Amino acid sequence: FDIKIICANHDDLDILKPYKNIKSNDWNTVGKAKVFYASPETTNFKGIKKLLNETSYDLLYLNSFFSFKFTIIPLLLRKLGLVIKKIT
């Protein structure tokens, strides 16, 4: 399996302090997975759209229904036809 994870580069209440030892806005290898740690500047409609359109995937799993940045935005983008499923 080729697993890719997109998440924030910081804890929820601490947007000014990214995690240590990561490359923000880039793919990091964590175990056998690739993790994209997104900064607050890239977790808007434009940034999420760009990231989803540039990333190949067979399945898009959204972890939380209540996450605006990581669930609502991707769902709206797909519904509006602004994100095209790119199969690997």
Side-chain angles (χ1 to χ4, degrees):
F1 293 99
D2 182 22
I3 298 174
K4 296 175 183 166
I5 301 166
I6 300 171
C7 62
N9 72 343
H10 59 277
D11 284 326
D12 197 30
L13 299 176
D14 199 1
I15 64 171
L16 299 176
K17 187 176 170 186
Y19 298 127
K20 294 180 182 179
N21 303 320
I22 64 159
K23 292 182 282 180
S24 293
N25 302 322
D26 199 2
W27 291 101
N28 297 256
T29 301
V30 179
K32 293 182 180 181
K34 299 275 187 194
V35 180
F36 188 93
Y37 292 101
S39 69
E41 297 81 29
T42 61
T43 53
N44 54 30
F45 279 90
K46 184 179 178 181
I48 298 291
K49 176 186 170 194
K50 182 177 188 271
L51 185 57
L52 290 176
N53 280 324
E54 291 177 350
T55 305
S56 297
Y57 55 91
D58 295 316
L59 175 71
L60 181 61
Y61 176 78
L62 305 172
N63 190 37
S64 173
F65 180 75
F66 299 104
S67 172
F68 182 76
K69 292 178 181 180
F70 295 110
T71 300
I72 305 302
I73 290 177
L75 287 174
L76 285 172
L77 290 169
R78 285 290 300 267
K79 184 70 174 172
L80 295 171
L82 299 173
V83 172
I84 302 161
K85 183 176 180 182
K86 296 178 82 177
I87 298 176
T88 56

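If you're wondering where the values come from, they're calculated on a predicted model, not measured in any experiment.
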Are [Y] and [X] connected in a single hydrophobic cluster, I mean Ile/Leu/Val/Met/Phe/Trp/Tyr linked by side-chain heavy atoms less than 4.5 Å apart?
X: Val35; Y: Tyr19; answer: yes
X: Leu77; Y: Tyr61; answer: no
X: Phe70; Y: Ile73; answer: yes

- With a 3.5 Å cut-off and no angle check, do the side chains of Asp2 and Tyr57 form a donor-acceptor pair? no

Minimum heavy-atom distance [X]-[Y], with the two atoms named:
X: Lys69; Y: Pro74; value: O-CD, 3.6 Å
X: Leu52; Y: Ile6; value: CD2-CD1, 4.3 Å
X: Asn9; Y: Ser24; value: ND2-OG, 2.8 Å
X: Lys49; Y: Leu82; value: CE-O, 3.7 Å

Checklist entry - Looking only at atom types and distance, does a side-chain atom of Asn53 sit under 3.5 Å from a main-chain N or O of Ile84, one as donor and one as acceptor? => result yes

Leu75 meets the side-chain contact (heavy atoms from CB on, under 4.5 Å) criterion, sequence neighbours left out, with Leu62, Thr71

Applying side-chain contact (heavy atoms from CB on, under 4.5 Å) to Ile3 and not counting sequence neighbours gives Phe1, Ile5, Ala33

To the nearest 0.5 Å, atom CZ of Phe66 lies from atom CD1 of Ile72 at 8.5 Å

